Amino acid sequence: MSVTVRLPTVMRAHAGGQSEVRAEGGTIGEVVEDLIRQFPNMATHLRAPDGGLHRFVNVYVNDEDIRYLDSLDTKVDDGDEISILPAVAGG
Amino acid sequence: MLELPADLHGAMVAHALDGLPDEACGLLAARPGERHPDDVRVERFYPCRNAAASSRVYTVDPRDHLRADKDAEASGMEIVGVVHSHTHTDAWPSPTDVAQAPDPSWHYVIVSLRHPEAALRSFRIVDGNIAEEPVVLLEE
């Protein structure tokens with residue numbers, strides 16, 4: 001599957017300034033792996049030390065937060081729009 | 001520097017008061033200009049839900065964030081910062097605010113409700129360092 005990935009401003013520098021990139025995969029986990037393969041510097045933003053998704057990013061398939069779907073196992077279809085945004089929190 | 005239309009300043013304070021007793025939060029959008037991202041003129045304020053529903057911490061509801069991000073993008077703008085309230089402390093970033101600041105290009109606005117008159121201040125947070133910036137209110 002080929003999907004479009006919208007990048008947050010903090011990650012665009014790792015993709016030559018692009019705000020959107022293409023990636024391949026059948027699940028969000030595979031799309032994330034493909035992003036890191038293409039743009040290795042994205043790993044620190046996307047991957048937690050345990051290999052899961054970094055807790056400071058939110059990932060959406062079309063308009064749904066993957067935490068309410070199947071997380072990294074969420075399936076994607078050809079042409080889906082994946083959005084990555086920073087988790088915005090504080091005290 | 002943060003240029004802020006007076007009506008948006010009013011909307012941010014009102015949203016902070018509406019959120020009591022919890023902290024309130026929202027996102028700011030601006031059109032990228034010549035001095036972007038250091039100097040921005042806020043054009044939109046997107047009130048968001050505090051998914052943490054707490055008087056001590058906030059989490060911008062992820063769905064509200066996506067909606068704001070897409071709306072800003074469709075208008076040729078981008079999200080340039082976040083505003084949140086401190087219900088009982090001054091308008092200065094807490095250690096949690098600094099530790100979780102998601103983007104060094106953003107502007108971090110805090111509305112303090114500690115005193116009867118709300119106080120709004122804005123900060124840049126880069127590599128754990130806090131720098132206050134001027135807020136210029138634009139009257140209509």
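By convention in this document, chain letters (A, B, ...) are assigned in the order of the sequence lines, proteins followed by strands, and residues within each chain are numbered from 1. Everything numeric here is computed off the predicted structure, so don't read it as measured data.
The residues B/Arg124 and B/Asp38 are annotated as salt-bridged, a charged nitrogen and a carboxylate oxygen being separated by less than 4.0 angstrom. The residues A/Glu33 and A/Arg47 are annotated as salt-bridged, a charged nitrogen and a carboxylate oxygen being separated by less than 4.0 angstrom.
Cluster membership for A/Val5 and A/Leu53, using ILVMFWY side-chain heavy atoms within less than 4.5 angstrom, is shared.
Separating the NE2 atom in A/His54 from the CG atom in A/Leu46 is a distance of 9.0 Å, to the nearest 0.5 Å. Rounding to the nearest 0.5 Å places CZ of A/Arg6 at 14.5 Å from CD of A/Gln18.
Residues of residues 1-33 of chain B lying within less than 4.5 angstrom of chain A, judged on heavy atoms, are B/Glu23 in numerical order.
Between chain A and the residues B/Arg63, B/His84, B/Arg56, the largest count of heavy-atom pairs under 4.5 Å involves B/Arg63. Highest contact tally toward chain A, considering only B/Asp61, B/Thr96, B/Ile110, B/Asn50, is held by B/Thr96 [criterion: heavy-atom pairs under 4.5 Å]. Here A/Tyr60 is the residue among A/Phe56, A/Tyr60, A/Tyr68 with the most heavy-atom pairs under 4.5 Å with chain B.
Side chains of B/Tyr46 and B/Asp71: a donor-acceptor N/O pair is present below 3.5 angstrom, by distance only.
By the 4.5 Å heavy-atom criterion applied to side chains, B/Arg41 and B/Leu138 are counted as neighbours.
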